[in-house]
Amino acid sequence: MKSIVFTIIVSAMLTTQCYAATNDSALVMQHIAKAQKYRTSMPTTTNADIQRRKLLLHIARGFLGIPYVAKTLEVNPKESLVVNLRQLDCTTYVENVLAVYECVKNNRTSYADYLYFLRMIRYVGGTVSYPTRQHYFTEWIEENTKKGFVREVNTPNPPFNTRQTLRINFMSTHTEAYPMLKKNPEMVKPIAQMEQRLSGKTYMYIPKGDIKNTRLLRSVIHDGDIIAIITKKKGLDTSHIGIAVWHKNGLHMLNASQIHKKVVEEPMTLHDYMQKHPSQVGIRIARIN
């Protein structure tokens with residue numbers, strides 16, 4: 001029965017307009033096939049959580065070198081489900097890692113399955129529209145927690161010893177920076193309502209000065225976790241996201257980098273990286289289930 005229901009849902013999802021280049025479906029299937037092969041190669045005696053972490057890093061590293069391009073979702077006059085594995089920004093990189101992971105984890109490995117997971121990951125309730133796209137990463141975490149894809153890690157204290165209180169209004173007060181809002185002013189109201197709903201909420205985070213190569217931090221942040229970098233820029237909650245990966249010298253981040261202009265495994269530790277960005281104040285952590 002569960003399989004039948006899933007098939008019906010996927011069929012319904014595919015009635016939504018999808019924007020993809022001719023070779024994107026092939027690229028999707030390549031990533032899924034490589035992840036499947038890696039998963040089956042892991043010893044069955046390996047701890048399930050270790051398997052999860054290794055699989056996530058394998059998928060995340062499979063996107064290394066793909067060019068960074070901003071606003072890849074802003075290509076249509078009307079909102080549609082954009083599939084683009086040839087160009088990634090920090091959010092679409094994480095979304096595609098998660099979508100491929102969910103396909104392999106759930107043994108749902110068709111292109112239609114990938115579209116289903118991508119749609120559910122990117123939009124509130126899986127409903128494709130500009131206002132229901134999860135523009136702020138706080139809403140992204142909330143919605144994907146409800147769907148069972150992730151959960152926020154915010155204990156123990158320390159290292160989660162600082163509180164972020166949200167004051168969200170950047171999109172509704174900078175409509176000129178968003179082509180869809182500029183062309184469709186009627187969409188500003190639902191965006192502002194979403195911002196109002198998020199504002200006032202509080203979250204615990206790790207200050208950037210505490211991101212050190214310690215036993216405590218290694219026990220709290222795991223390989224494959226999603227790192228959300230908090231910003232003090234007015235009206236925003238976060239400014240960048242990536243995938244956590246530990247090296248011998250400390251915590252690093254896999255990310256679609258505007259600086260490097262491609263997906264990289266950042267050569268600097270996250271601590272050193274954040275010291276170069278004064279507006280970045282700390283990190284929140286979301287763990288992929």
Side-chain angles (χ1 to χ4, degrees), residues 20-42 46 50-73 82-105 109 111 114 117-118 121-122 137 140 149-150 211 213 218 221-229 238-274 276-277 280 283 285-288:
T22 54
N23 63 336
D24 277 311
S25 60
L27 290 173
V28 167
M29 298 311 296
Q30 288 173 20
H31 281 279
I32 291 173
K34 289 176 181 177
Q36 277 184 299
K37 184 177 180 180
Y38 181 81
R39 186 191 190 195
T40 57
S41 72
M42 285 190 281
T46 304
I50 298 299
Q51 285 188 342
R52 180 187 60 82
R53 299 184 203 182
K54 288 181 177 292
L55 178 58
L56 282 166
L57 285 188
H58 178 79
I59 295 170
R61 284 172 170 151
F63 292 93
L64 288 173
I66 293 178
Y68 172 92
V69 178
K71 297 185 177 180
T72 56
L73 303 186
V82 173
V83 177
N84 185 348
L85 275 68
R86 299 158 287 101
Q87 303 166 321
L88 297 169
D89 62 27
C90 67
T91 302
T92 58
Y93 169 57
V94 169
E95 288 178 339
N96 276 285
V97 169
L98 181 53
V100 171
Y101 170 77
E102 289 296 331
C103 283
V104 175
K105 172 189 172 183
T109 55
Y111 184 58
Y114 160 84
F117 285 118
L118 184 65
I121 289 164
R122 185 172 290 166
F137 207 66
W140 193 100
F149 296 142
V150 305
I211 302 172
N213 191 12
R218 283 180 177 268
I221 302 174
H222 299 170
D223 285 340
D225 284 351
I226 300 171
I227 297 170
I229 296 180
T238 61
S239 60
H240 191 53
I241 63 172
I243 303 290
V245 54
W246 283 97
H247 292 194
K248 287 184 178 180
N249 68 337
L251 181 63
H252 291 245
M253 182 172 63
L254 286 148
N255 69 116
S257 169
Q258 188 175 13
I259 296 170
H260 296 286
K261 303 188 186 308
K262 61 183 177 180
V263 176
V264 298
E265 189 160 340
E266 182 59 53
M268 287 187 290
T269 65
L270 184 61
H271 175 273
D272 291 347
Y273 172 90
M274 292 184 69
K276 293 180 178 294
H277 297 82
Q280 298 177 352
I283 59 173
I285 299 295
R287 180 154 300 149
I288 297 172

(request) Report the distance from atom OG of Ser257 to atom OH of Tyr273, rounding to the nearest 0.5 Å. (result) 6.0 Å
(request) Compare every heavy atom of Pro267 with every heavy atom of His252, then report the nearest pair and how far apart it is. (result) CE1-O, 3.0 Å
(message) Between Asp24 and Leu85 (side chain of the first, backbone of the second, donor and acceptor by atom type, cut-off under 3.5 Å), is there such a pair?
(response) yes
(message) With rounding to the nearest 0.5 angstrom, report the CD1 to CG distance, Ile283 to Leu251.
(response) 6.0 Å
(message) Looking at every heavy atom in both His222 and Arg218, which two are closest together, and how far apart are they?
(response) CD2-O, 4.0 Å
(request) Working to the nearest 0.5 Å, report the span between CD1 of Ile121 and OG1 of Thr91. (result) 12.5 Å
(request) Please assess Leu254 against Leu64 for the test side-chain contact (heavy atoms from CB on, under 4.5 Å), listing each intermediate value before the final yes or no. (result) CA-CA 8 Å; Leu254 286 148; Leu64 288 173; 3.7 Å; yes
(message) Less than 4.5 Å apart, side chain to side chain, heavy atoms only: is that true for Ile241 and Ile227?
(response) no
(request) Can you sort out the partners of Asp89 under salt bridge (charged side-chain N to carboxylate O under 4.0 Å, His left out), two or more places apart, ordered by chain and number? (result) none
(message) Tell me the closest heavy-atom pair linking Ile288 and Arg52, and the distance in Å.
(response) O-NH1, 2.9 Å
(message) Can you list everything that forms a ring pair (Phe, Tyr, Trp, His ring centres under 6.0 Å) with His260? Sequence neighbours excluded, please.
(response) none
(message) With a 4.5 Å cut-off on side-chain heavy atoms, are Ile226 and Ile243 touching?
(response) yes
(message) I'd like to know if the side chain of Asp272 reaches the main chain of Thr269, judged simply by a donor and an acceptor atom lying under 3.5 Å from each other, with no hydrogens or angles considered.
(response) no
(message) Strictly by salt bridge (Lys or Arg N to Asp or Glu O under 4.0 Å), give each pair with a member in residues 246-268 just once, sequence neighbours left out.
(response) Arg61-Glu265
(request) Identify the two heavy atoms, one from Ala244 and one from Leu57, that lie closest to each other, and give their separation to 0.1 Å. (result) O-CD2, 3.6 Å
(request) Say whether, by atom type as modelled, one donor and one acceptor occur between the side chain of Asn84 and the main chain of Gln87 under 3.5 angstrom. (result) yes
(message) Can a donor-acceptor pair be found, under 3.5 Å and without considering hydrogens, that links the side chain of Trp246 to the backbone of Ile221?
(response) yes
(message) Testing the basics here: between Tyr111 and Met29, what is the closest heavy-atom pair and its distance to 0.1 Å?
(response) N-SD, 3.6 Å
(message) How long is the straight-line distance from CD1 of Ile59 back to CD1 of Ile32, given to the nearest 0.5 Å?
(response) 9.0 Å
(message) Within the supplied structure, the quantity of interest is the number of heavy atoms (other residues, nucleotides, ligands) at a distance under 6.0 Å from Gln258 CD; does it exceed 12?
(response) no
(request) May I ask you to test the His240-His277 pair for a side-chain heavy-atom distance under 4.5 Å? (result) no
(request) Decide yes or no for Thr238 and Ile229: does some side-chain heavy atom of the first lie under 4.5 Å from some side-chain heavy atom of the second? (result) no
(request) Not counting sequence neighbours, list each pair that qualifies as a salt bridge (Lys or Arg N to Asp or Glu O under 4.0 Å) and has a residue in residues 28-37. (result) none
(request) List for me each residue that meets ring pair (Phe, Tyr, Trp, His ring centres under 6.0 Å) alongside His271, sequence neighbours excluded, and say none if there are none. (result) none
Only pairs under 3.5 Å count here: list side-chain donor-acceptor contacts from residues 93-105, not counting sequence neighbours, and write none if there are none.
unit_1 : atom_1 : unit_2 : atom_2 : d
Tyr93  : OH     : Ala60  : O      : 2.9
Glu95  : OE1    : Arg122 : NE     : 2.8
Glu95  : OE1    : Arg122 : NH2    : 3.0
Glu95  : OE2    : Trp140 : NE1    : 3.2
Asn96  : OD1    : Tyr114 : OH     : 2.6
Asn96  : ND2    : Thr92  : O      : 2.8
Tyr101 : OH     : Asn289 : O      : 2.9
Glu102 : OE1    : Asn106 : ND2    : 3.0
Lys105 : NZ     : Asn289 : O      : 3.3

(message) So, taking the atom named CE in Met268 and the one named CE in Met253, what distance separates them when rounded to the nearest 0.5 Å?
(response) 9.0 Å
(request) Taking all non-hydrogen atoms of both residues into account, name the closest pair between Asn255 and Gly242 and its distance. (result) CB-CA, 4.1 Å
(request) Measure the acute angle between the ring planes of His31 and Phe63, then classify it against the limits of 30° and 60° as parallel, tilted or perpendicular. (result) parallel
(request) Tell me, with the steps shown, if Met42 and Ile50 meet side-chain contact (heavy atoms from CB on, under 4.5 Å). (result) CA-CA 10 Å; Met42 285 190 281; Ile50 298 299; over 6 Å; no
